[in-house]
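For ligands, and for the atoms within them, numbers begin at 1 and follow the listed sequence.
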Amino acid sequence: MPNLEGKVAIVTGAGRGIGRAHALALASAGAAVIVNDLGAALSGEGHDDTPAQQVVDEIKAAGGSAAASGENVADFEGAERLVRQAIDDFGRLDILVNNAGILRDRMIVNMTEQEWDAVINVHLKGHFAPTRHAAAYWRERAKEGDDVRGRVINTSSPSGVFGNIGQSNYGAAKAGIAGFTLIVAQELQRYGVTVNCLAPNARTRMTEETFDMGAPAEGFDPLDPANMSPLVVALSADDAQHITGQVFHVWGGAINALQGWSAGELFASGERWDADALLRELLDRFADGVAPPGMIAGMQAAGGQSLRTQ
Ligand SMILES: NC(=O)c1ccc[n+]([C@@H]2O[C@H](COP(=O)([O-])OP(=O)(O)OC[C@H]3O[C@@H](n4cnc5c(N)ncnc54)[C@H](O)[C@@H]3O)[C@@H](O)[C@H]2O)c1
């Protein structure tokens, strides 16, 4: 395992599920970890300090260093306090894993404004706010001449990169997070910070209600949340300094560096298209029609397997 001794990490939403697995993996590689979790219900409501504290206790019991944070990642000032806590408690910040998330699934025809706003806020602003404050800290260190090896690891979703029915709020936020990754990776390269993104698949409270996700009776369990974390540890290593701006789909042991929005079917004209001619060309090239294949097809292409709905 890469040695992360001396490094300090923040993992958001680390009180359970995938974030908990990331926090345990980073701590066992030697990093001190701020375990952030609001302790919210799956819909984002409520606050409970217990899940974050339990993970801190688990890390400490195994001989690691950790501290709990109950900040809401979508609160701009709360996110600043979160970054400040890493520096105050452990002297520095090296790794920010943006993972906290909620779900409020609904078909677009019935989705409420609150369902839209809550999901966009926790995911999209909840990635922006901690990243913004961590980035300012790393820029300051780079200007002071430090050899910065900062890491931001974001969390998108197959729903965002392939598009899942019933999740226009969540998928739009997750597609936004993939786009955010591409842009911030380019902005922070000059300060020595890499920015990558996971599109995970795991059995957690977020997925087990919707999908048929039983664990195999024996052998490798591809949906164990801990399968998501070796990539986080690997990307956090100093040696990964030049791997940035990637969105990785992770299914069990199959990690696929996705190619998103690459150039596709070109309709080229040396002058402005005439709409009639363009329509004929569209119908000709898409003779059987064209529509997104959906999330399950995308997941199978990327990971060889996919979830099944119950
Ligand atoms: N489980 C999967 O297969 C899967 C697939 C794709 C993407 N994801 C993403 O992975 C991440 C982790 O999901 P999970 O499956 O472990 O879910 P989870 O519900 O088990 O964990 C999410 C955690 O985030 C915390 N949280 C929610 N809002 C917060 C806020 N505002 N501030 C701080 N903490 C907050 C919750 O309290 C919870 O402990 C999410 O971003 C999710 O969208 C999961």
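Side-chain atoms of R20 never come within 3.5 Å of backbone atoms of G15 as a donor-acceptor pair (strictly under, hydrogens ignored). A side-chain donor-acceptor contact under 3.5 Å links N99 to the backbone of T12.
Using modelled atom types, one finds no donor on one side chain facing an acceptor on the other under 3.5 Å when comparing N98 with T155.
Given atom 36 (C) of ligand 1, the protein heavy atom at minimum distance is D37 OD1, 3.4 Å. Among protein heavy atoms, the minimum distance from atom 18 (P) of ligand 1 is reached at R205 NE, 3.9 Å. The single protein non-hydrogen atom nearest to atom 24 (O) of ligand 1 is G13 CA, 3.4 Å, given as residue, atom name and distance. Among protein heavy atoms, the minimum distance from atom 44 (C) of ligand 1 is reached at I18 CD1, 3.6 Å. Considering only non-hydrogen protein atoms, atom 26 (N) of ligand 1 sits nearest to A100 CB, 3.9 Å. Nearest protein neighbour of atom 15 (O) of ligand 1, counting heavy atoms only, is T204 OG1, 2.5 Å. With respect to atom 3 (O) of ligand 1, the closest heavy atom belonging to the protein is A202 N, 2.8 Å. The shortest contact between atom 31 (N) of ligand 1 and any protein heavy atom is with N72 OD1, 2.8 Å.
Heavy-atom proximity to Y170, at under 4.0 Å, picks out these atoms of ligand 1: 6 (C), 7 (C), 8 (N), 9 (C), 42 (C), 43 (O). Residue I102 approaches ligand 1 through these ligand atoms, each under 4.0 Å from one of its heavy atoms: 27 (C), 28 (N). Atoms of ligand 1 lying under 4.0 Å from at least one heavy atom of P158, given by number and element, are 6 (C). Under a 4.0 Å criterion applied to the non-hydrogen atoms of S156, ligand 1 contributes the atoms 7 (C). Contact atoms of ligand 1 toward N201: 3 (O) (distance under 4.0 Å to a heavy atom of the residue). Against a heavy-atom cut-off of under 4.0 Å, G39 is close to the following atoms of ligand 1: 37 (O). Atoms of ligand 1 found under 4.0 Å from any heavy atom of V122, numbered from 1 in the order shown, are 28 (N), 31 (N). Distances below 4.0 Å separate heavy atoms of T155 from the following atoms of ligand 1: 9 (C), 10 (O), 11 (C), 41 (O).
In this structure, CD in Q167 is found 6.5 Å from OG in S157, a value given to the nearest 0.5 Å. Atoms CG and CG, from L4 and D94 in turn, are 9.0 Å apart once rounded to the nearest 0.5 Å. Here I95 contributes atom CD1 and I34 contributes atom CD1; the two are 12.0 Å apart, rounded to the nearest 0.5 Å. Atom CZ of F248 is separated from atom CE of M228 by 13.5 Å, given to the nearest 0.5 angstrom.
Taken together through direct or relayed side-chain contacts under 4.5 Å among Ile, Leu, Val, Met, Phe, Trp and Tyr, V83 and V195 form part of one hydrophobic cluster.
L24 is listed as a side-chain neighbour of I59, based on a closest heavy-atom distance under 4.5 Å.
Any N or O atom pair closer than 3.5 Å counts here, and N99 shares at least one such pair with ligand 1. Considering backbone and side-chain atoms alike, L42 places every N or O at 3.5 Å or more from each N or O of ligand 1. Geometrically, ligand 1 and M206 share no nitrogen or oxygen pair separated by less than 3.5 Å. At least one N or O atom of L38, backbone or side chain, sits closer than 3.5 Å to an N or O atom of ligand 1. Residue S157 places no N or O, backbone or side chain, under 3.5 Å from any N or O of ligand 1. The shortest N/O to N/O separation between V73 and ligand 1 falls below 3.5 Å.
Relative orientation of the H127 and F180 rings is perpendicular, given thresholds of 30° and 60° on the angle between their planes.
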- Message: Let's go through W273 and E281 carefully: what are the C-alpha distance in whole Å and the side-chain angles of both, what is the deciding distance for side-chain contact (heavy atoms from CB on, under 4.5 Å) to 0.1 Å, and is it a yes or a no?
- Response: CA-CA 10 Å; W273 274 98; E281 191 69 17; 4.0 Å; yes
- Item | Steps toward side-chain hydrogen bond (donor to acceptor under 3.5 Å, both in side chains) verdict (S69, N36) | CA-CA 4 Å; S69 150; N36 161 265; 3.0 Å; yes
- Query: Please walk me through it: do H47 and D49 pass side-chain hydrogen bond (donor to acceptor under 3.5 Å, both in side chains)?
  - Reply: CA-CA 7 Å; H47 184 155; D49 289 333; 3.0 Å; yes
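Here the closest heavy-atom approach between residue I177 and residue H123 is recorded as CD1-O, 3.7 Å.
Looking at T12 against ligand 1, nothing comes within 4.0 Å, counting heavy atoms. At a heavy-atom distance under 4.0 Å, only side-chain atoms of T207, from C-beta outward, approach ligand 1. Residue contacts with ligand 1, taken as heavy atom pairs separated by less than 4.0 Å, do not involve R20 at all.
Scanning P200, G101, A129, G160 for the heavy atom closest to atom 27 (C) of ligand 1 points to G101.
Here E71 pairs with R81 in a salt bridge; the nearest charged N to carboxylate O distance falls below 4.0 Å.
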